[in-house]
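These numbers were taken from a predicted model, which means no experiment stands behind them. Below, chains carry the letters A, B, ... as their sequence lines are ordered, and counting in each starts from 1.
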Amino acid sequence: MPDLLANLNPEQLAAVTLPNEPALILAGAGSGKTRVLITRIAWLIQHGYASPPTVLAVTFTNKAAREMMARLSALLPIDTRGMWIGTFHGLCNRMLRAHYRDAGLPQTFQILDTADQLSALKRLMKGLNIDDEKYPAKNLQYFVNNAKEQGLRPKDVDATDNFNRKFVELYDAYEQQCQREGVVDFPELLLRCYELLAHNPPLRAHYQARFRHILVDEFQDTNKLQYAWLKLLAGEHNAIFAVGDDDQSIYAFRGANVGNMRDFEQEFQVRHLIKLEQNYRSHGYILDAANQLIAHNARRLGKNLRTDAGHGEPVRVYEAATDTQEASWIVEEIRALINTGLSRGEIAVLYRSNAQSRAIEHTLVNVGIPYRVYGGLRFFERQEVKHALAYLRLIDNPNDDTAFARVVNFPVRGIGARSIEQLADAARLYNCSLAAAIPYVTGKAGSSLGAFANLIAKLRAQTQQMSLPETVEYVVRGSGLADFYQNEREGQDRLENLQELVNAASAFVSEEGYGLDTPARAIALRPGATAAPELTVVSDDPGSVVLDAASPADLAQNPDTMTPLAGFLSHASLEAGDNQAQAGQDAVQLMTVHSAKGLEFTAVFITGLEEGLFPHENSAMEADGLEEERRLMYVAITRAKERLYLSFAQSRMLHGQTRYNVRSRFFDELPQDTLKWLTPKAEAGARWGGRSDNAGWGRDWFGRPGREGRYDGHEAGAAAAPLPAFANEQRAVDTGFRVGQQVFHTKFGEGTITALEGGGADGKAQVRFKRHGEKWLALAVAKLQAVE
DNA sequence: AATAATAACGTTTTT
DNA sequence: CGTTATTATT
């Protein structure tokens, strides 16, 4: 029997071994939060306090859920399948699939992602002739999601003015549309599930009796609805083990309510509040910086991180003249770090907003350092993948108008905008789906639409007995998507992605434990299940639970009534897949501070620390805005293990305009003895303000900064490299390249200069590249970068 | 119906 | 400035 409790510190030990009562674990950054959560589950099971089916653990991201699952099974040889471990949305989806009838949904209901939802709203508004100028669909989307997250249906929303009354009206119409189509959006998954439990006492009792152990990760990120859902599941007797950190609450803008922590403490009369303050990640100075910064926030639950590691290196601060120069400095430091043997993947560059990545990427490309930018298009969000999924959705649920509208004319089959408008009119008239309205459209448009309907029907019939991967492959071909991208000039990547979709279907089938030959649209029993599980509560007799082909035990073990196809479509909506561009390679990590939450790196650069940018100017308008920015900075600082670099630029190109910024106020909130200014620290009074009447100083600065006291290269390699810090600017002055010099080119990579011609603006260089042979390049055009 | 021109927009993001 | 959505043009 493994000793789970070995190497836990006293606080962690106390948390892991708490009695089954409501508990709040205030887990600081790098304090072993996930470990505590996992060990708690393992410990409960090892000691017989819990069996797997009584455990429900909920996270915000699929990644966190997967990690929990993986680490748990590594810790204990237990069957994690009986446990419910997943995201809020994933678990709600699971419950709604198991009780679709009680939830008032069709068995094949589809999930709209954010983009689908927006297009559904646009379609709705177009049909109602709503002026998009006056009532933007985007705003309605926000309105609807916000209402749902407050648990409000249209009838519950208090509309004070005509504008809001219109939104409520549209919210109502949208709900009807979704219901008719058999689709649910993200917040609807949660609200439906909440209502399912709230309005169905026997069902609620069933799950309350089952989930005796509820564990919540990142509790500070829960919204009102998620909190209400948890409360409902916990009932009177179940304990919630909530783990979170109010200082890392950075998602208020998407509805997260830190107040849930205080509410939880009071409403559940929490007697066990444990603070995990021992940090296992960062060196001392870094923690000092984090602690002192966050101390400037009011209304904290209160926490101070400590470490056994020494002070470590001081926090380095760099003031650049421009954003370009800031990028050059960062890249030079990165090179120095790599030279000391640090791997690229251990270095992260963080920024407040995505737009800032451009300058840094550009410089990294010039120097030839591999990097990876987080964020961007994810696999299931690619247009070709969404098209293929739309066909699959139509096969499962012909009423899904969002899917229908997406592919009715893709690949093009002569169904233009006016045909679709005709069809939409008919659908509205007969209050039916677009697909069902096809017979009502006459003429040429009608026959084209009829052909499309036949195509879908054919795909549906022919894939009837096929497995999921076969179905996906058949649909990719049968829909004409494969041919379309085959003939498209730039279609090869898209074609590969469609093949990848087939692979994803295979992977899904085996990971979920379906037999490889299981028909994609048959309810399949997983290994160990004895019957198709469905628990149905007869609504006109709320006191009785009628079992539909399953015993409660079966349901407890195996609540899935999803067909492989429905499961796969859910998976595609709920887990959009990786968004990493060049995964696998050892690369410097570029990301927003938000994306960095939960990660750690040996060396971290926090960039663009300027008033207006970080803290962001928009935060000044929001209640609690500055405090949230400060928490964001806190998250950024605590990502660093050994080296932390802070930088800012006096001028920065933003939205096509040069802006002059003042250094961030956060510098004044950090303990000065932990900071090492690589550039002289300007006193607050002597610094230029960010006002436009300071335009003159920019010119002065663009000449040459005074050299005295100026940071002239990283300390580590100061002897070796004379002036890497300002390589870009100085090259502009003397244009000096020499034959034999090593250079980098954005496109061609590394090379050696073999000849030089002319000078000044029309200078040319012949460069022999390692991969691309010899080329003549105009120095004014080619951005050659000198290499040491 | 595909392509070109123009306008609009610009904080953070998972499900 | 650079991207994306919409509109105009052929």
Side-chain angles (χ1 to χ4, degrees), chain A residues 58-65 86-94 111-119 122 132-133 136-138 142 145 148-149 184-191 193 217-218 221-223 225-226 249-256 323-324 350-359 361-362 374-378 380-381 409-419 488-489 570-579 591-598 608 612-622 625 628-629 631-633 635-636 652-659:
Chain A
V58 60
T59 63
F60 276 87
T61 65
N62 293 294
K63 194 178 157 207
T87 62
F88 281 99
H89 293 82
L91 298 181
C92 286
N93 180 46
R94 201 170 177 179
I111 300 166
L112 302 183
D113 67 18
T114 310
D116 292 335
Q117 184 191 31
L118 187 62
S119 71
K122 281 183 176 163
D132 194 72
E133 300 271 287
K138 259 266 164 64
Y142 176 82
N145 290 347
K148 288 188 182 185
E149 278 167 12
V184 296
D185 56 39
F186 285 139
E188 183 72 22
L189 280 172
L190 298 180
L191 185 52
C193 189
D217 192 17
E218 306 277 19
D221 288 338
T222 51
N223 64 31
L225 181 54
Q226 288 159 339
S249 165
I250 56 173
Y251 285 113
F253 71 91
R254 67 176 199 209
D323 50 351
T324 317
L350 309 184
Y351 34 81
R352 174 68 235 269
S353 62
N354 287 303
Q356 288 167 253
S357 76
R358 186 174 309 282
E361 280 187 72
H362 190 81
Y374 276 63
L377 252 203
R378 311 170 54 173
F380 286 110
E381 292 168 353
N409 197 33
F410 195 97
V412 282
R413 43 177 77 87
I415 300 173
R418 72 198 174 286
S419 306
E488 182 95 335
R489 283 192 307 281
S570 293
H571 171 78
S573 298
L574 294 177
E575 187 166 0
D578 269 338
N579 58 10
M591 66 191 82
T592 62
V593 180
H594 281 93
S595 311
K597 191 172 157 218
L613 225 134
F614 198 1
H616 198 276
E617 53 199 351
N618 293 4
S619 71
M621 323 291 288
E622 295 153 17
E628 177 127 335
E629 294 291 305
R631 290 192 290 269
L632 203 46
M633 181 66 184
V635 167
R652 179 179 297 278
M653 191 65 124
L654 199 67
H655 306 329
Q657 275 187 322
T658 306
R659 288 179 39 150

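A heavy-atom distance below 4.5 Å is not found between the side chains of Ile250(A) and Val593(A). Two residues are said to be in side-chain contact when any heavy atoms from C-beta on lie closer than 4.5 Å; Phe614(A) and Leu632(A) meet this criterion.
Between the base of dT15(B) and the side chain of Thr61(A) there is no donor-acceptor pair shorter than 3.5 Å.
What separates NZ of Lys63(A) from P of dT13(B) is a distance of 14 Å, to the nearest Å. For the pair Met621(A) CE and dT12(B) P, the interatomic distance rounds to 18 Å; values are reported in whole Å. The nearest whole Å value for the distance from the CG atom in Asp113(A) to the P atom in dT13(B) is 17 Å. The nearest whole Å value for the distance from the CZ atom in Phe410(A) to the P atom in dA1(B) is 13 Å. To the nearest angstrom, C1' of dT12(B) lies 14 Å from CE of Met591(A). Atom C1' of nucleotide dG10(B) and atom OH of Tyr351(A) are separated by 16 Å, given to the nearest angstrom. One can place CZ of Arg413(A) at 13 Å from P of dA2(B), the figure rounded to the nearest angstrom. Rounded to a whole Å, the CZ atom of Arg352(A) is 11 Å from the C1' atom of dT13(B).
Remark: side-chain polar atoms of Asn409(A) are paired, donor with acceptor, to backbone N or O of Ile415(A) under 3.5 angstrom. Between the side chain of Asp221(A) and the backbone N or O of Tyr251(A) there is no donor-acceptor pair closer than 3.5 Å.
Ring stacking is absent between His594(A) and dT12(B), as the pair misses the limits of under 5.5 Å between centres and under 30 degrees between planes. Under the stacking definition used here (centres under 5.5 Å, planes under 30°), the residue Phe60(A) fails to qualify as stacked on the base of dT15(B).
Looking at the side chain of Asn409(A), the nearest of the listed nucleotides dA1(B), dT15(B), dG10(B) is dA1(B). Side chain of Phe186(A), nearest nucleotide from dT11(B), dT13(B), dT15(B): dT15(B). Taking only side-chain atoms of Arg254(A), from C-beta outward, the nucleotide of dT11(B), dA2(B), dT14(B) with the closest atom is dT14(B). Of the candidate nucleotides dT13(B), dC1(C), dA2(B), dA2(B) has the atom lying nearest to any side-chain atom of Val412(A).
For the pair Thr114(A) and dT14(B), the criterion of a side-chain N or O lying under 4.0 Å from OP1 or OP2 is not met. Note on Arg378(A): every side-chain N or O is 4.0 Å or more away from OP1 and OP2 of dT13(B).
Nucleic acid contact class of Tyr251(A) (heavy atoms, under 4.0 Å, all strands): sugar-phosphate only. When heavy atoms are screened at a 4.0 angstrom cut-off, Asn354(A) is found touching the sugar-phosphate backbone but no base atom. The residue Asn62(A) sits close only to the backbone: its heavy atoms come under 4.0 Å of sugar-phosphate atoms, none of a base. Across all strands, Glu629(A) comes closer than 4.0 Å to no nucleic acid atom at all (heavy-atom distances).
Using a cut-off of 4.0 Å between Lys/Arg side-chain N and Asp/Glu carboxylate O, Arg358(A) and Glu361(A) are scored as not salt-bridged.
Going from the P atom of dT4(C) to that of dT13(B) covers 15 Å, rounded to whole Å.
Comparing Ile250(A) and Ser573(A) by the nucleotide of DNA chain B whose heavy atom lies nearest to each, the residue mapping closer to the 5' end is Ile250(A). Between Thr592(A) and Gly416(A), the one whose closest nucleotide on DNA chain B sits nearer the 5' end is Gly416(A).
For the atom pair OG1 (Thr114(A)) and CD (Glu381(A)), the distance works out to 8.0 Å, reported to the nearest 0.5 Å.
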